[in-house]
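What follows is one structure encoded as structure tokens, with my remarks underneath.
First listed ligand is number 1; within each ligand, the first listed atom is number 1.
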Amino acid sequence: MQPVVEDPRLRPILEKVRAGDRLSYEDGLALYHTPDILALGYMANLVRERLHGDLTYFNVNRHINPTDVCVASCRLCAFGKRVKDPKAYTMSLDEVWHRAGEGWSEAVTEFHIVGGLHPELTLEWYCEMLRGLKERFPQVHLKAFTMVEVGYLARRSKLSARETLERLRDAGMDSLPGGGAEIFCERVRRIICDHKITGDEWIDTARTAHQLGLRSNCTMLYGHIENEEDRVDHLLRLRALQDETGGFVTFIPLAFHPDNTALHHIPKTTGFDDIKSIAAARLLLDNIPHIKAYWIMMTPRIAQIALRFGADDIDGTVVEEKIYHDAGATTSQSLRRAELLALIRKAGREPMERDTLYRPVTRTESTFTVLV
Ligand code: V47
């Protein structure tokens, strides 16, 4: 099929995509600047189908946020609370283990565990939390702690990032989620998340995790004060690390939700921005296998369309979500497995339940099996 490419800047990019050639920084800028979303979608879909055909992945997961107490006070965030805030919460270990069991009826295969930077919870507390989860739910993959949490725990424990990661891994952490990357550019970071680790430190921590054999995801937060140059720079830094380690499994573009944050004056992203971010990521990140349309953040409606604009994954059942809902998300907190199947099928794609590392999961009425 000969696609209609209205924007002449995209024609040489189409040739590269067809040939499987790597796109440059300038190509990346053209992808973000073009209004020709159909040509962008055509190209991203070409790559998506080359890699995955019609397959669209999802998982049965549950988010757990042990605490929202956070010393970082990032302007981008509505979730983190100060220790003395009467609305702040911190679960006991028993509460974490109990909460994990809620929603168990759907045989969760992954716990996605992230939280605030709590000034008193120790590395040993988190290790015990992991050991307790493994003891109670031995089959469940523990995708836990952003690079930012690892950096903070390392600093507080006076250990290196490597030693901290080793201790968490030995206690049961199986992989790491992609959060906390935001935008690597320091000019932007100083404004949206000035107390977090730097972009370089995020990359270094991910490198160390990958060197230890741990896989991780990666993200980019867009739609705040960053510009197109910052976005392309961010994606190319992820691509460079992936060339080095091969440790990233999935990239998730995250749209900024401004409600209840210090940046509430910033307008919300549009569906156009969200779809473009998926397509640009698929085209630039030629070495990261999966691009996720996170339905909690995009809404199930836009996530479904994203499955034809470069995304091959729609995330999971989630069950309980706080970070986006504190920042004004109007999506539901969870989708049932059957709803995810229907969303994917109605986009003309073939659903495949996966575990965190994309191994197929098959189910009988009462058990699930991960095919290794
Ligand atoms: O690290 C925080 C972002 C991230 C806001 O790895 C905000 O599979 C928008 O990383 N508006 C957490 N975004 C979510 C995350 C994630 C989600 C789904 C799957 C995976 C995965 C990872 O959300 C944070 C930060 O980058 N965030 N506040 C906000 N107001």
query: Within the structure, does Lys292 bring an N/O atom to less than 3.5 angstrom of an N/O atom in ligand 1?
result: yes
statement: Tested for side chain to side chain contact (heavy atoms under 4.5 Å, CB included) against Met298, the lone hit among Thr331, Ile278, Ile305, Leu254 is Ile278
- request: Count the heavy atoms of every other residue, nucleotide or ligand shown that sit under 6.0 Å from CZ of Arg131, and state whether that count exceeds 12.
  value: yes
task: Answer with yes or no whether the hydrophobic clustering places Leu357 together with Leu176; edges join I, L, V, M, F, W, Y residues whose side-chain heavy atoms lie under 4.5 Å apart.
output: no
message: A quick test of your reading: do over 12 heavy atoms of other residues, nucleotides or ligands sit less than 6.0 Å from CZ of Arg167?
response: no
- request: Would you mind running through ligand 1 and noting each atom that sits below 4.0 Å from a heavy atom of Leu221?
  value: 7 (C), 9 (C), 13 (N)
field: Heavy-atom pair of closest approach, residues Leu168 and Leu123
entry: CD2-CD1, 3.7 Å
message: Quick check on Tyr324 - does any of its heavy atoms sit under 4.0 Å from an atom of ligand 1?
response: yes
- line: So the atoms of ligand 1 within less than 4.0 Å of a heavy atom of Pro177 turn out to be 6 (O)
field: NZ or CZ of Lys322 within 45° of Tyr89 ring axis and under 6.0 Å
entry: yes
statement: Ranking Ala78, Ala262, Gly223, Gly180 by closest non-hydrogen atom to atom 1 (O) of ligand 1, top hit is Gly180
message: Could you report the tightest heavy-atom contact between Ala255 and Thr269, atom names first, then the distance?
response: CB-OG1, 3.5 Å
- prompt: Is the closest heavy atom of Ile323 to ligand 1 under 4.0 Å?
  reply: yes
- line: Checking heavy-atom distances from atom 3 (C) of ligand 1 to each of Leu254, Val249, Asn217, the winner is Leu254
statement: Residue, atom and distance of the protein heavy atom nearest atom 17 (C) of ligand 1 read Tyr294 CE2, 3.5 Å
query: With a cut-off of 4.0 Å, which atoms of ligand 1 are near a heavy atom of Glu182?
result: 1 (O), 25 (C), 26 (O)
task: Mind checking whether Phe256 contacts ligand 1 via backbone (N, CA, C, O), side chain (CB onward), both or neither, at a 4.0 Å heavy-atom cut-off?
output: both
- prompt: Got a sec: does the CD of Glu95 have more than 12 other heavy atoms crowding it under 6.0 Å?
  reply: yes
- prompt: Tell me, which protein residue and heavy-atom name are nearest atom 11 (N) of ligand 1, and how many Å apart are they?
  reply: His257 N, 2.8 Å
task: Give a yes or no on this: more than 12 heavy atoms of other residues, nucleotides or ligands lie within 6.0 Å of atom NE2 of His33.
output: yes
message: Show the nearest heavy-atom pair for residues Trp295 and Asp315, with the distance to one decimal.
response: CD1-CB, 4.4 Å
- prompt: So which heavy atom in the protein is nearest atom 22 (C) of ligand 1, and how far is it from that ligand atom?
  reply: His112 CE1, 3.6 Å
query: Which ligand 1 atoms, with their elements, are less than 4.0 angstrom from a heavy-atom of Gly179?
result: 1 (O), 10 (O)
query: For atom 28 (N) of ligand 1, what is the nearest protein heavy atom, given as residue, atom name and distance?
result: Leu76 CD1, 3.3 Å
query: Can the positive tip of Arg189 be found less than 6.0 Å from the middle of the six-membered ring of Phe184, inside 45° of the ring normal?
result: no
message: So if I count the atoms of ligand 1 from 1 in the order they appear, which ones are less than 4.0 Å from some heavy atom of Ile252?
response: 6 (O), 8 (O), 20 (C), 21 (C)
query: Against heavy atoms of Thr261, which atoms of ligand 1 measure under 4.0 Å?
result: 30 (N)
message: Parallel, tilted or perpendicular, judged at 30° and 60°: which one describes the rings of Tyr358 and His290?
response: parallel
- prompt: Should Lys143 be listed as contacting ligand 1, given a heavy-atom distance under 4.0 Å as the test?
  reply: yes
query: Measuring from the heavy atoms of Ala255, does anything fall under 4.0 Å of ligand 1?
result: yes
query: Counting each atom of ligand 1 from 1 as listed, which ones have a heavy atom of Ala327 under 4.0 Å away?
result: 30 (N)
